[in-house]
Amino acid sequence: MKKQSVKKYTALACAALCIVPMAAAFCGCSPREEVLKIYNWGDYIEEELLDVFEDWYMRETGKKIRVRYDTFDTNEDMIMRIEVIKADYDLVCPSDYMAERMIKDGLAQKLDKSIFDNMSRDDLYDGLAEKVDFDSDFEYFAPYCWGTFGIMYDVGTDEYSTIFEPDDARMKSWEALWTDFTTGGKKRTLMKDSVRDAYSAARIYANRDKLKELSNGFTDYNDAYKTELKSYFSSVSDEDIEQAKQTLIAQKKVLHKYEVDDGKNDMLAHTTPAWLGFFWSCDTGLIMQEEGGGHFYYEVPKEGSNIWLDGWIIPKYAKNTEAANYFLKFINMYDPDDENSQFAMTNFDYMGTSMAGKAVMEDAKADLLDMMYNELTAEDRAEMDQEDIDYADMMYNREEWFKLMYIDMMFPPDDVLARCEVMRDFGKQRGTDLDSMWIDVKTS
């Protein structure tokens, strides 16, 4: 557990604030060059770090800074404010395809590597850098956090336990989300209410036989297989859209409902009849860390899937690019031997999702394995908060199958990355076409 450095720096930041006149504590009263405006997803940063950054920035530059932090719900909400309203945010955190669109449309500024100097392709988690081919030298895009899409299912339900084993081969395929598991008149499957994600899963499922042939029965994820899979995430034709539409319409007869954020919590609380669905790995990680979350399993289907990747962009209309680049340097800082340079690990501890940095991921994996397989000593307990003790005890007492699955979910191995691709920008017109397709599916 590496949370002490946050508390230390937060105390320093608060002390620094005390000497600032009260009126200047509000961003609206500060000169624009003393304000860093960040537009990010909700729950996508340990917000104590924002205060820490203000203090760190003063130490680094001798200049005052105040962070104004706003959140958005969708990539489309974000791009509307940047492209149409021309909001002067200094940093935004789009997903892969939207970052590519911003770069292509001239809505992104180049990163200043003379300031932001602690991220290169070699610094990324093994196998991740090669997936980011829309900005291969990271001139505009700074990878932040990432994960996979897959199937999460509850092995603790009566319905599941009478049909499957925890690691059942039949749940390793997208076919599980097109199978009717209705019992007692209740449908058991959730689907993500997200047009791009649903489209991608449908395209892969509809072409599973071709993918199987190319990969020799899903045993060899070779270049021919990867080229075919990548085409589903990089280009769209009228025929592709029609194929996905018909595949998704056929799925509706087995669905309990479409959902975005509430499905995972409903499954944890047993307030839904569903016991499987299409989920992002970050969401599955959140509920698996909760009490009662040890009976969930997550699988990246054998046919292939998507890597979602969110990262930082300095928008065209940003007014404080210097502070933006310093923030990128700050948020990526990680030195395991320096308690004052572990901000990236602090963020990992808070977010509970895979981070882009290799060093953070390697040490986080080692820490998690140690927690899972070595019971806390009396000395450990004396130095830890009760919340951290409870979490460590819970993870240590999880079943072996859960531990193996959870590690692979948080730190995807080579064979998982080999069957995943990053979503690309389809273009505005095709985006509109997909939106129309999704309306047709949901109203059919």
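- In this structure, the side chain of Asp335 does not engage the main chain of Ser341 through any donor-acceptor pair within 3.5 Å.
- Between Trp41 and Tyr144, the ring center distance fails the sub-6.0 Å criterion.
- Ring centers of Phe279 and Tyr298: at least 6.0 Å apart, outside the cut-off.
- Contacts classified as side-chain hydrogen bond (donor to acceptor under 3.5 Å, both in side chains) and involving residues 283-293 (residues at least two apart or in different chains) are given here: Gln289-Tyr406.
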What verdict does the salt bridge (Lys or Arg N to Asp or Glu O under 4.0 Å) test give for Glu130 and Lys226, after you've listed the backbone C-alpha separation in whole Å, the side-chain angles of each residue and the deciding distance to 0.1 Å? CA-CA 12 Å; Glu130 65 190 49; Lys226 291 178 181 178; 5.1 Å; no
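- At most 12 non-hydrogen atoms from other residues, nucleotides or ligands lie less than 6.0 angstrom from CD of Glu399.
- With Ile389 as the partner, the side-chain contact (heavy atoms from CB on, under 4.5 Å) test is satisfied by one option alone out of Arg381, Glu383, Met394: Arg381.
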Run the numbers on Trp146 and Ser281 for side-chain contact (heavy atoms from CB on, under 4.5 Å), then give the verdict. CA-CA 9 Å; Trp146 64 288; Ser281 59; over 6 Å; no
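- A 6.0 Å sphere centred on CG of Asn397 holds more than 12 heavy atoms belonging to other residues, nucleotides or ligands.
- The 12-atom threshold is exceeded at CD of Glu139, counting heavy atoms of other residues, nucleotides or ligands nearer than 6.0 Å.
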Could you please spell out the steps behind the side-chain contact (heavy atoms from CB on, under 4.5 Å) verdict for Ile151 and Trp174? CA-CA 8 Å; Ile151 301 169; Trp174 285 117; 4.1 Å; yes
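- Considering Lys316, Arg68, Lys37 as possible partners of Asp88, the one that fulfils the salt bridge (Lys or Arg N to Asp or Glu O under 4.0 Å) test is Lys37.
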Applying side-chain contact (heavy atoms from CB on, under 4.5 Å) to Tyr160 and Asp154, what does each step give before you reach the verdict? CA-CA 7 Å; Tyr160 182 86; Asp154 187 348; over 6 Å; no
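- In this structure, Lys104 places its NZ atom where more than 12 heavy-atom neighbours from other residues, nucleotides or ligands lie under 6.0 Å away.
- Within 6.0 Å of the CG atom in Asp43, the count of heavy atoms belonging to other residues, nucleotides or ligands does not exceed 12.
- For the atom pair OH of Tyr297 and NZ of Lys172, the computed distance is 4.5 Å after rounding to the nearest 0.5 Å.
- Rounding to the nearest 0.5 Å gives a distance of 10.5 Å between CG of Leu434 and CD of Gln429.
- Residues Phe149 and Phe278 place their aromatic rings such that the two centres sit under 6.0 Å apart.
- Taking 4.5 Å as the limit, some side-chain heavy atom of Val155 sits within range of a side-chain heavy atom of His295.
- Within 6.0 Å of NZ in Lys210 there are 12 or fewer heavy atoms belonging to other residues, nucleotides or ligands.
- Separation of the Trp438 and Tyr199 ring centroids does not fall under the 6.0 Å cut-off.
- The number of heavy atoms from other shown groups lying within 6.0 Å of NZ (Lys212) does not exceed 12.
- Residues Met78 and Cys93 fail the side-chain proximity criterion, which asks for heavy atoms closer than 4.5 Å.
- Other residues, nucleotides and ligands contribute only 12 or fewer heavy atoms inside 6.0 Å of the NZ atom of Lys186.
- Looking only at atom types and distance, the side chain of Ser436 has no donor-acceptor partner in the side chain of Asp433 under 3.5 Å away.
- Going from atom CG of Asp388 over to atom CG of Asp380 covers 11.5 Å, rounded to the nearest 0.5 Å.
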